[in-house]
Amino acid sequence: MFTTRIQLTLSLTVATLVASACMPMSKKVGMDYPALVQDDVTTFQAFFEKRFPDTEKADYINGVYSIDADARSQWESLEEFPPYELSVDQGKALYETPFANGSSYATCFGDGAVRSQYPYYDEDRAMVITLELAINECRTANGEKVLKYKKGDLAKVSAYMSFVSRGQAINVDVASEGAYNAYMDGKEFFYSKRGQFNISCADCHMRATGFYLRADVPSPGLGQTSHFPTFRTKWDALGTLHRRYGGCNENIRAKAFSAQSPEYRNLEYFQTVMSNGLVFNGPGSRK
Amino acid sequence: MNQSRRQFMTRVGKSVAFLVAVVNLPRVVWANWSASAFGATDLDTAIVERYGNLAIADSDAIQLKAPSIAEHGAVVPISIATTLAAKSISVFVEKNPSPLSCSFNIQPKMNTDVSVRIRMGATSNLIVLVEADGKLYRTSQEVKVTIGGCGG
Amino acid sequence: MKVKASARNGSVVVKTLLAHPMETGRRKDGDGKLIPGHYITEVEANHNGERVFHCELGPSVSKDPYLAFSFQGGNSGETFTMSWVDNKGENESTEVEIR
Amino acid sequence: MININTLLSSLVLSLMLALSGLASAAEATNATQMIAEAEVMNKAAGEIGYEWRDTASYIADAKKALADGQEDQAYQLANEAYEQAKLALEQGKLMRENWQQYIPM
């Protein structure tokens, strides 16, 4: 089980041979996008089913703990008093505090249990809208300044909204050409090797998941976006999915993109689509 | 109240949930802390400072639950249970700068089943000593602590 | 201090998280100066005037110490007291309702 | 257990092998020129989204060394940055064309 060792030169040859047969046909009008995407979802989820036959599909929302019993028992012990609990309380307080103009987050999001409405592709604006982006847009629409995207108050509000949305099904639609292009952009990001280490998301979270990479078992790529924001022991704080993306990219010695950049929003879109059929269970706690 | 009352009050704000009331300082004499044992910098000294020269025997009447590989050295969850008539239970991490981590003094109505989260600076033996019948009973386990990597 | 206590099979099962930095005295701040040790040294619980839990802690217990234990007696609806003190003499005490 | 160091060096090595000869070497003869070339190359890698993590700090270090009068060290640092940026650009071009071939089965 060591496909990552494939020499790039070799892959390059293979690539040239089959490239013409497999090049994306994504830009054509009138294609059955939901069917194309469903094929990808099925293939992607089957990869993990084959790799971890003992793991229930629904359990992938628990990340690496779905495949590592020793780590799981430590995590379960930590969840006795989840380290994000205080942040959720603070997020609730922020959520309920009125803005200067008298409205509040509830004006935009009702009771806040809207996690499963994000991310989605906004046809008018031709871009993916994430929950964190929507939170800040709610603020600016009400005359408040934007919050930082990686941690702090925005992560807390997002954590609260995720908490009250726990159990909502992940079911992201990709129904238009624009949506499909954003999806394909995220897909390309996920499978492209980058950085000085020449590693893709898929190298760690598909090929190497379940194996040790130095001291760590990379989590399965399936279910990764279900449990953010996440409180990491390493951060000693709550962080958003895009903060984690930035950390991952730096680990492979690639320059990270900004949180809520088109690259990371499209990656979140693709990854969430891949987890269709699971449920949102954020906020999470991780090492 | 004295100065600690003020510090105490600042902490009250941080306490949430589950609490029905905050009461006055208890009628407790805080004078039991084994400073010399907690200050010891090697395992043998720490044990002697804590327990004198009681005989030590390995025992399988102590159940120690600890990870084989710690997720993070800053938070290593451990649980200890024993059927011995324990007077105290102490946790030592051999390679920590101060090996004695914590010590439970068993009270008449207290069950001998405890959990705690400790720090481990490096891969090390975790040693649990149970004091019972004027002797020390021991169980131990290695816990690997890794650094670096990308964090799952 | 967060405490969850529930009566179960004649015992009260207690899980508690004590908000405390647990500074080891070995860490350095941004200027390279040692941050003085600041850690909880003792934790205890009292029920009906009787001590039912006592633990001595060193600085190698994790930040925001988590402790779980159980004691005999005590019924749902009753209360007991959880208290801690640290090496600077700061302390906190809380009355907890058993569920 | 996968040894990632072996893995990484094999990957980086194979990347370098794959790319050697594809890009022309820098023609700079002094540190100032080398820094300028590294900046151009790194900008090109960044424009397609493939800038590496440390390249910009090598360039910054090179500038600092140059300002301190350490011409040789500045040249070395800028050269390292240039080589990194060159590989990053080639990596990006390669991936943009061929990423579909890297989907694990």
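Throughout, a chain's letter reflects where its sequence line sits, starting with A, and its residues are numbered from 1.
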K.L.:
To the nearest 0.5 Å, what is the distance between CE (Met22(C)) and CD1 (Ile118(B))?
P.N.:
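Answer for the CE-CD1 pair, Met22(C) versus Ile118(B), is 11.5 Å.
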
K.L.:
Determine, stepwise, if the pair Phe53(C) / Gln107(B) fulfils side-chain contact (heavy atoms from CB on, under 4.5 Å).
P.N.:
CA-CA 6 Å; Phe53(C) 175 76; Gln107(B) 308 299 311; 5.6 Å; no

K.L.:
Pick one of side chain, backbone, both or neither for Lys15(C), based on which atoms fall under 4.5 Å of a heavy atom in chain B.
P.N.:
neither

K.L.:
Where is the tightest heavy-atom contact between Ser62(C) and Ala74(B), given as atom of each residue plus distance?
P.N.:
OG-O, 2.7 Å

K.L.:
Is it the side chain or the backbone of Asn105(B) that comes within 4.5 Å of chain C heavy atoms, both, or neither?
P.N.:
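Both backbone and side chain.
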
K.L.:
If you count heavy-atom pairs under 4.5 Å with chain B, which of Asn87(C), Thr24(C), Val52(C) comes out on top?
P.N.:
Val52(C)

K.L.:
Hey, does the side chain of Trp33(B) reach the backbone of Leu57(C) with a donor-acceptor pair shorter than 3.5 angstrom?
P.N.:
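Here the side-chain-to-backbone pair exists.
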
K.L.:
Distance from His54(C) atom NE2 to Ser103(B) atom OG, nearest 0.5 Å?
P.N.:
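The OG atom of Ser103(B) is 9.0 Å from NE2 of His54(C), to the nearest 0.5 Å.
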
K.L.:
Output the distance between atom OG (Ser60(C)) and atom CZ (Phe92(B)), rounded to the nearest 0.5 Å.
P.N.:
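It comes to 10.5 Å.
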
K.L.:
Pull out the residues in residues 64-72 of chain C that come under 4.5 Å of chain B, heavy atom to heavy atom, sorted by number.
P.N.:
Tyr66(C), Leu67(C), Ala68(C), Phe69(C), Ser70(C), Phe71(C), Gln72(C)

K.L.:
Could you check Arg117(B) against Leu17(C) for side-chain contact (heavy atoms from CB on, under 4.5 Å), going step by step and ending with a plain yes or no?
P.N.:
CA-CA 10 Å; Arg117(B) 297 173 189 161; Leu17(C) 196 72; 3.8 Å; yes

K.L.:
So which residue, Pro97(B), Ser34(B), Ser98(B), Gly39(B), ends up with the most heavy-atom pairs under 4.5 Å with chain C?
P.N.:
Pro97(B)

K.L.:
Count the heavy atoms belonging to other residues, nucleotides or ligands that lie under 6.0 Å from CG of Asp58(B), then report whether that count exceeds 12.
P.N.:
yes

K.L.:
Can you confirm whether Arg51(C) sits close enough to Pro108(B) that some side-chain heavy atom of one is under 4.5 Å from a side-chain heavy atom of the other?
P.N.:
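Counting from C-beta outward, Arg51(C) and Pro108(B) never come under 4.5 Å.
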
K.L.:
Tell me whether the count of non-hydrogen atoms from other residues, nucleotides or ligands lying under 6.0 Å of CG in Asp29(C) goes above 12.
P.N.:
yes

K.L.:
In terms of heavy-atom proximity below 4.5 Å to chain B, should Met82(C) be classed as side chain, backbone, both, or neither?
P.N.:
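Neither part.
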
K.L.:
Let's go through Arg119(B) and Val61(C) carefully: what are the C-alpha distance in whole Å and the side-chain angles of both, what is the deciding distance for side-chain contact (heavy atoms from CB on, under 4.5 Å) to 0.1 Å, and is it a yes or a no?
P.N.:
CA-CA 6 Å; Arg119(B) 291 175 168 134; Val61(C) 170; over 6 Å; no

K.L.:
Rounded to the nearest 0.5 Å, what's the gap from CD on Glu56(C) to CZ on Arg50(B)? Could you check?
P.N.:
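The distance works out to 5.0 Å.
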
